[in-house]
Structure formats: C-alpha cells, structure tokens
Amino acid sequence: MNLTELLNWRYTTKEYNPTKKISEADMAEVKNLLRMSPSSVNLQPWHFIVAETAEGKARIAKGTQGFFSFNEPKVTNASAVVLFCSKTDADEDYMKHIADTEDKSGRFPNEDIKNGFLGAVKAFAGIHKYDLKDLQHWMEKQVYLNIGSFLLGVASLGIDATPMEGIDVKALDEEFGLREKGFTSLVAVSIGYRAESDFNSTEKTPKSRLSENEIFTLI
C-alpha cells in the first residue's frame, strides 16, 4: 500500500480475531518500531511492557476493570498488547547514560562533541524542570510521539492497533512495580488482526476527518 492507502486502511480496531496471531518475525519489527522512535534530544524516556501470552495479557487486563471494562476484550483478544510507560524523572546519571550509549554507538568523533551533546540534553531538560516545571509532562510527550509512529508503523505491516488511554494507570503501576522503577504507565496499545464483525472497520464505517480548508493555512 502507498501512504494514502495505508492511512485509509488503518483505524482504531474495536474487535479482534483472537485466533489470528502476529508472526515472530513481525513481532521483531514491532519491537524495533518501539526502540527506534525519535525523541527530543534522543532522551528515550520510556519503557515498554509487551504481553504476547494469555498470562501477560491477563495482567494488563487488570487495568481494564470497573469503569474501563469496555476495553478488556481489546486486551484479551488481541495478539499482543504494548503498555507504554514514561519515566517520572531524568537525572544527570540518566543523561550521562544516554550520552555514553551514543558514544558507544560511534556518534561522537571526539570528547568535545560528546560533552556538547550532553550539555544540550541538560539544557533542554533544565528548561522543562526549572523554567517550565513540566519535565514529566515533556517526557510523556516523547512517549506519545512514539505511539504515533508506532500506529503507522504497525499498519505498514498489515497489523491493526487500538490505542487505549482508558486504563487504570494506578492499578498497572502497582501490578508491574513501575513507580519504584522510576516509571508510570500511560497508554496501552493492542495489536493484532481485525475481526470481520468489527463495526468500526473502514469497510463498514467510513473514516471522517475535518476538511483541508479547515485545518490548513497555506502560505
């Protein structure tokens, strides 16, 4: 599919075929999508819990109880579920870890360039921590950037997806001990293959977007 066809093909899947599983090769591509997403100053302030087994999906389904029960089948019937988690802080040790990792990857021809990069990371993080006082929110924005890239990326593999903010993040943080590890859960994304009976399928329900005249200013 070309890009236009891909954008029209993908949609937020409401019902999954529980018998159809993502191949091991495609799951490797899925994980690569998560790892290779861009982020501001390459901060990569994320962690991903990937559930492919029935037991793993049942653990994530603990975040779809009570008010969020409408999302439980999207978790249990999908081939896999990714829980996107964000760091709750980024201290100097973590920033140095990012710089050291880039150095090992061969990105810095000399120490001065490495120190310049580290200074830029500290400067931008400092703006958000001390001036704007929104460091955690800024890091969460990077995770959402990853989610957007992920949705289009899995579609390119012919895989359906359902992003879900309708989850009990406190329950999931407790289930996986995330806060003690310096993370908090944000969004769960189920992936797999649409059921033929899915009412939200683009074959049954046309996609709707605001017109170009309304959303673009061309200068």
Within this structure, what is the [atom1]-[atom2] distance for the pair [X] and [Y], rounded to the nearest 0.5 Å?
X: K74; Y: I60; atom1: NZ; atom2: CD1; result: 15.0 Å
X: I147; Y: L33; atom1: CD1; atom2: CG; result: 13.0 Å
X: E140; Y: L135; atom1: CD; atom2: CG; result: 10.0 Å
X: H47; Y: S86; atom1: NE2; atom2: OG; result: 12.5 Å
X: I159; Y: S79; atom1: CD1; atom2: OG; result: 8.0 Å
X: F183; Y: I49; atom1: CZ; atom2: CD1; result: 9.5 Å

Exercise. Are Y193 and Y16 near enough that their ring centres are under 6.0 Å apart?
Worked result: no
Is a side-chain donor or acceptor of [X] paired with a backbone partner of [Y] at a separation under 3.5 angstrom?
X: K133; Y: Y130; answer: yes
X: T64; Y: F68; answer: no
X: Q142; Y: M139; answer: no
X: K14; Y: S201; answer: no
X: S149; Y: S37; answer: no
X: S69; Y: Q65; answer: no
X: N146; Y: L34; answer: yes
X: K57; Y: V81; answer: no
X: S185; Y: V169; answer: yes

With heavy-atom distances below 4.5 Å as the criterion, would you say the side chains of [X] and [Y] are in contact?
X: E5; Y: N2; result: yes
X: I191; Y: F150; result: yes
X: T184; Y: C85; result: no
X: F176; Y: L83; result: yes
X: I98; Y: F117; result: yes
X: V121; Y: L43; result: yes

Hydrophobic cluster membership, with links at side-chain heavy-atom distances under 4.5 Å among I/L/V/M/F/W/Y: are [X] and [Y] in one?
X: V143; Y: L172; answer: no
X: L132; Y: F124; answer: no
X: V41; Y: L145; answer: no
X: V75; Y: L178; answer: yes
X: V82; Y: M164; answer: no

For this session: Could you give me the CA-CA distance, side-chain angles and deciding distance for R179 and D173, then say whether salt bridge (charged side-chain N to carboxylate O under 4.0 Å, His left out) is met?
Result: CA-CA 6 Å; R179 297 180 188 182; D173 284 1; 2.7 Å; yes
Exercise. Out of V154, T13, T12, which residue meets the side-chain contact (heavy atoms from CB on, under 4.5 Å) rule with D160?
Worked result: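 Option passing the side-chain contact (heavy atoms from CB on, under 4.5 Å) with D160: T13.
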Exercise. Using a distance-only test with no angle check, is there a side-chain donor-acceptor pair under 3.5 angstrom linking E102 and N42?
Worked result: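 Yes, a side-chain donor-acceptor pair sits under 3.5 Å.
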Contact summary for [X] and [Y], nearest pair of heavy atoms:
X: A99; Y: L118; value: CB-CD1, 4.1 Å
X: S39; Y: W46; value: CB-CH2, 3.6 Å
X: L151; Y: A161; value: CD2-CB, 3.8 Å
X: G56; Y: T53; value: N-OG1, 2.9 Å
X: L6; Y: A155; value: CD1-O, 3.3 Å

For this session: Give the C-alpha distance, both sets of side-chain angles, the deciding distance and a yes or no for side chain to side chain contact (heavy atoms under 4.5 Å, CB included) between T202 and N8.
Result: CA-CA 8 Å; T202 49; N8 283 306; over 6 Å; no
Could you list the residues that satisfy salt bridge (charged side-chain N to carboxylate O under 4.0 Å, His left out) with [X], not counting sequence neighbours?
X: E175; value: R59, K62
X: E165; value: none
X: D26; value: none
X: D91; value: none

Exercise. Can the positive tip of K87 be found less than 6.0 Å from the middle of the six-membered ring of Y94, inside 45° of the ring normal?
Worked result: yes
Problem set entry | Residue of the set T205, T162, D198 for which side chain to side chain donor-acceptor pair (under 3.5 Å) holds with Y11 | D198
For this session: Decide salt bridge (charged side-chain N to carboxylate O under 4.0 Å, His left out) for E15 and R194; before the verdict, give the C-alpha distance in whole Å, the side-chain angles of both, and the deciding distance to 0.1 Å.
Result: CA-CA 6 Å; E15 185 181 354; R194 63 190 71 175; over 6 Å; no
Problem set entry | side-chain hydrogen bond (donor to acceptor under 3.5 Å, both in side chains) between Q136 and D134, worked out | CA-CA 6 Å; Q136 185 174 348; D134 69 343; over 6 Å; no
For this session: Carefully, step by step, assess Y144 and F84 under the rule ring pair (Phe, Tyr, Trp, His ring centres under 6.0 Å).
Result: CA-CA 9 Å; Y144 274 87; F84 286 74; 8.8 Å; no
For this session: Before giving the answer on side chain to side chain contact (heavy atoms under 4.5 Å, CB included), spell out for R10 and K207 the whole-Å C-alpha distance, their side-chain angles and the decisive distance to 0.1 Å.
Result: CA-CA 10 Å; R10 70 145 305 276; K207 298 189 80 161; 3.9 Å; yes
For this session: Please lay out, stage by stage, how E92 and K96 fare under the test salt bridge (charged side-chain N to carboxylate O under 4.0 Å, His left out).
Result: CA-CA 6 Å; E92 287 201 17; K96 185 176 184 302; over 6 Å; no
Problem set entry | Neighbour count >12 (heavy atoms, 6.0 Å) for atom CD, E180 | yes
Problem set entry | Heavy atoms from other residues, nucleotides or ligands near NZ of K204 exceed 12 (cutoff 6.0 Å) |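 Count over threshold, so yes.
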For this session: For residues 36-53, pull every pair meeting salt bridge (Lys or Arg N to Asp or Glu O under 4.0 Å), keeping only residues two or more places apart or in separate chains.
Result: K31-E52
Throw together a table of side-chain donor-acceptor distances under 3.5 angstrom for residues 210-219, partners on residues two or more places apart or in other chains.
unit_1	atom_1	unit_2	atom_2	d
S211	OG	E214	N	3.3

